[in-house]
Engineer: 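The structure under discussion is supplied below as structure tokens; questions concerning it will follow.
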2 protein chains.
Amino acid sequence: MMSAMAKRAQRRADGLSRELIVKAATELLDAGGEAALTLRAITDRLSTGYGAIYHHVENKGDLLAAATDEVVAGVMTGVVVDAEPRQALRAVALGLFDAIDAHPWVGAQLSREPWRPALLEVYERVGGLLHALGVPERSIFDAAGALVNYVLGVAGQNAANARLLASGEADRAVVLSTAAARWARLDPDRYPFVHKAATRLREHDDREQFLAGVDIFLAGIAALR
Amino acid sequence: MMSAMAKRAQRRADGLSRELIVKAATELLDAGGEAALTLRAITDRLSTGYGAIYHHVENKGDLLAAATDEVVAGVMTGVVVDAEPRQALRAVALGLFDAIDAHPWVGAQLSREPWRPALLEVYERVGGLLHALGVPERSIFDAAGALVNYVLGVAGQNAANARLLASGEADRAVVLSTAAARWARLDPDRYPFVHKAATRLREHDDREQFLAGVDIFLAGIAALR
DNA sequence: CACTTGTTGGATCGGCGATCCAAACGCTAG
DNA sequence: CTAGCGTTTGGATCGCCGATCCAACAAGTG
């Protein structure tokens, strides 16, 4: 009877906002991966409740999508615009790669929901650059789709690798070494290619291999001219 | 006191097995997508309990991975082996595409965990065919990675589209039309490429576009020779 | 028969996303 | 100033999930 007070604790002084929530979500995702983004973690970090969150955000998917859009949009505004088309295409691809490397959850999200506004900007940029490259109109659609899909494929891989590194305790070099060792242990008669590729696997640089793939596509696109 | 019986209902006549569980999981996944694969659904379908499942299967991820491996393995054994390398590469890619089209959850899973034994077989096959194509040894690793990543990218897209079609009630034509309409409504000055591509989007065939991408890649590979 | 070993089914746990509602705020009208 | 009202907030609660654990059972072994 006596203590009916102190029930409602205290209220935020500063107002909550969608931007603030997305920012907190991004920090959680960067710190602990996709698994770390829970509504409870957000309410803790922002010292608020579920209702407040859901007032500004549709649901968890919406939140994840908004955070992803923000990262991708940052990449697209940061990329140089007046370079030679071929170099500009490499720059766009590399920009996405680096952003996904820094925020692996973006890769997973882009693989899962590729029809977000952020990717629209990417398609537009890639399409325009392909046009500038002299790719025939009728081929640009296919070419742009191919390039973006390649980037998304690598994005998914990166995200998977990041999950592997985050969950386990091993660092990158160890994971790569053990994987290479596993490949090398395979029967050379049944798996000649993979067996031989084991050395490459240990030594390879993700970023360089990604760029090599982009160059293969660009070479193929040049053949369309 | 009296009714201590009838507590333990009845026991399976036929024995459970990992194969049976994976089969049931595949059926659930095909019927209702990834969201439909829950341990409860499996125990219901197999008229058993959690313990029995976990006795044969590590955890849910293990189960999903096993089902995926099975599908991919089926593709790799079914693909023709003695064709001309270029055609064989197209056949491998198309086989994966069709399998993922039929079982979209496979696409999502491959994007999420690309280091499974099933993909090893794919890498081996692709690497061998690239060797047969005359691609220089030092480039095969990059080329195989690029091709597989492209396939994985498309796989993720397909899975995303399938989720969209499954969750909503619209069919493929409607979804495509509304997406195309949205693209067409964009400002032609700000989004010239996407605006123009809207028509293509409505008319395009996923499978054909996928193959066009494979051909671009193969043309780029040829340039490595 | 007793005893051991490998399976099976289900009660239970902690954690999740989402919903709902009452309390607290801040604005505006009188 | 204040009464009223729509907006914003915090937290109790719901239903569902994956996973663990253990008692009951079957089949093999002497």
Side-chain angles (χ1 to χ4, degrees), chain A residues 3-25 28-29 31-67 105 108-109 112-113 163 167, chain B residues 1 3-25 28-29 31-68 105 108-109 112-113 163 167:
Chain A
S3 65
M5 53 83 207
K7 203 194 155 203
R8 287 278 140 177
Q10 77 284 2
R11 218 176 143 90
R12 310 186 51 77
D14 53 337
L16 217 47
S17 72
R18 187 178 163 95
E19 288 76 34
L20 244 173
I21 297 174
V22 170
K23 183 163 166 291
L28 283 171
L29 286 162
E34 313 170 64
L37 181 64
T38 71
L39 286 180
R40 277 146 176 88
I42 289 191
T43 56
D44 283 1
R45 173 173 273 254
L46 296 177
S47 315
T48 180
Y50 304 99
I53 301 292
Y54 274 89
H55 181 74
H56 294 277
V57 156
E58 192 103 1
N59 52 41
K60 189 185 165 175
D62 180 33
L63 181 54
L64 197 57
W105 48 273
Q109 175 62 11
R112 207 172 302 124
E113 291 196 7
R163 255 190 308 270
S167 68
Chain B
M1 312 297 186
S3 65
M5 53 86 209
K7 201 193 156 203
R8 287 276 139 177
Q10 76 283 3
R11 218 177 143 89
R12 311 187 51 77
D14 54 335
L16 216 48
S17 73
R18 187 179 163 95
E19 287 79 33
L20 244 173
I21 295 174
V22 170
K23 184 164 166 288
L28 283 170
L29 287 163
E34 312 170 64
L37 181 64
T38 70
L39 286 180
R40 276 143 177 93
I42 289 192
T43 55
D44 282 0
R45 175 173 272 256
L46 295 178
S47 314
T48 182
Y50 304 99
I53 302 291
Y54 275 88
H55 181 73
H56 294 279
V57 156
E58 193 102 359
N59 52 40
K60 190 185 166 174
D62 180 34
L63 182 53
L64 196 57
T68 303
W105 49 274
Q109 175 63 13
R112 208 171 303 124
E113 291 197 8
R163 254 189 310 269
S167 68

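Computed from a predicted model, the values in this text were never measured in an experiment. Below, read A as the first sequence line, B as the second, and so on, with proteins coming before strands; counting in each chain starts at 1. Atoms considered below: every heavy atom in the structure, side chains included; atoms not considered: hydrogens, waters and symmetry mates.
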Engineer: In whole Å, what is the span from the CG atom of B:Leu20 to the P atom of C:dT8?
Structural biologist: 10 Å

Engineer: Nearest of C:dT19, C:dT8, D:dT9 to any side-chain atom of A:Leu16?
Structural biologist: D:dT9

Engineer: Starting at CG of B:Leu64 and ending at C1' of D:dG18, how long is that distance when rounded to a whole Å?
Structural biologist: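 Interatomic distance, CG of B:Leu64 to C1' of D:dG18: 14 Å.
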
Engineer: Roughly how many Å is it from CD in A:Glu58 to P in C:dA18, rounded to a whole number?
Structural biologist: 10 Å

Engineer: A:Glu34: what forms a salt bridge (charged side-chain N to carboxylate O under 4.0 Å, His left out) with it, not counting sequence neighbours?
Structural biologist: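 In terms of salt bridge (charged side-chain N to carboxylate O under 4.0 Å, His left out), with neighbours along the sequence ignored, A:Glu34 is linked to A:Arg112, A:Arg163.
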
Engineer: D:dC17 P sits how many Å from B:Ile42 CD1, rounded?
Structural biologist: 12 Å

Engineer: Roughly, in whole Å, what's the span from CG in A:Asp62 to P in C:dA18?
Structural biologist: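 A:Asp62 atom CG is separated from C:dA18 atom P by 10 Å.
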
Engineer: For nucleotides 11-16 of chain C, give me one character per nucleotide, 5' to 3': B if any protein heavy atom sits under 4.0 Å from the base, S if the only such contacts are to the sugar-phosphate, - if neither.
Structural biologist: B----B

Engineer: Whole Å only: how far is the CG atom of B:Asp44 from the P atom of D:dG18?
Structural biologist: 12 Å

Engineer: Could you state the atom-to-atom distance from CD of A:Glu34 to P of C:dG17 in whole Å?
Structural biologist: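 Nearest whole value for this atom pair: 13 Å.
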
Engineer: Holding to side-chain hydrogen bond (donor to acceptor under 3.5 Å, both in side chains), I want the full list of residues that pass it with B:Asp44, two or more places apart in sequence or in another chain.
Structural biologist: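 So B:Asp44 forms no side-chain hydrogen bond (donor to acceptor under 3.5 Å, both in side chains) with any residue.
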
Engineer: Once side-chain contact (heavy atoms from CB on, under 4.5 Å) is applied, do any residues pair with B:Ala25, and if so which ones, sequence neighbours excluded?
Structural biologist: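 B:Leu37, B:Ile42, B:Leu63.
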
Engineer: Below 4.5 Å, heavy atoms only, C-beta onward: do A:Gln109 and A:Glu113 meet side chain to side chain?
Structural biologist: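 A side-chain contact exists here, since the closest heavy-atom pair is under 4.5 Å.
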
Engineer: Would you say C:dT8 has OP1 or OP2 under 4.0 Å from some side-chain N or O of B:His55?
Structural biologist: no

Engineer: My understanding is that only residues two or more places apart in sequence, or in another chain, count here; which of them pass side-chain contact (heavy atoms from CB on, under 4.5 Å) with A:Ala35?
Structural biologist: none

Engineer: Both B:Gly61 and A:Gly49 contact DNA chain D. Which one's nearest nucleotide lies toward the 5' end?
Structural biologist: A:Gly49

Engineer: For B:Ala36, enumerate each residue passing the side-chain contact (heavy atoms from CB on, under 4.5 Å) test, keeping only those at least two apart in sequence or located in another chain.
Structural biologist: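 Testing B:Ala36 for side-chain contact (heavy atoms from CB on, under 4.5 Å), a comparison that skips the adjacent residues, returns none.
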
Engineer: Taking it one step at a time, do B:Ile21 and B:His55 satisfy side-chain contact (heavy atoms from CB on, under 4.5 Å)?
Structural biologist: CA-CA 11 Å; B:Ile21 295 174; B:His55 181 73; over 6 Å; no

Engineer: Whole angstroms only, please: what is the CD1-P distance between A:Ile53 and D:dT9?
Structural biologist: 9 Å

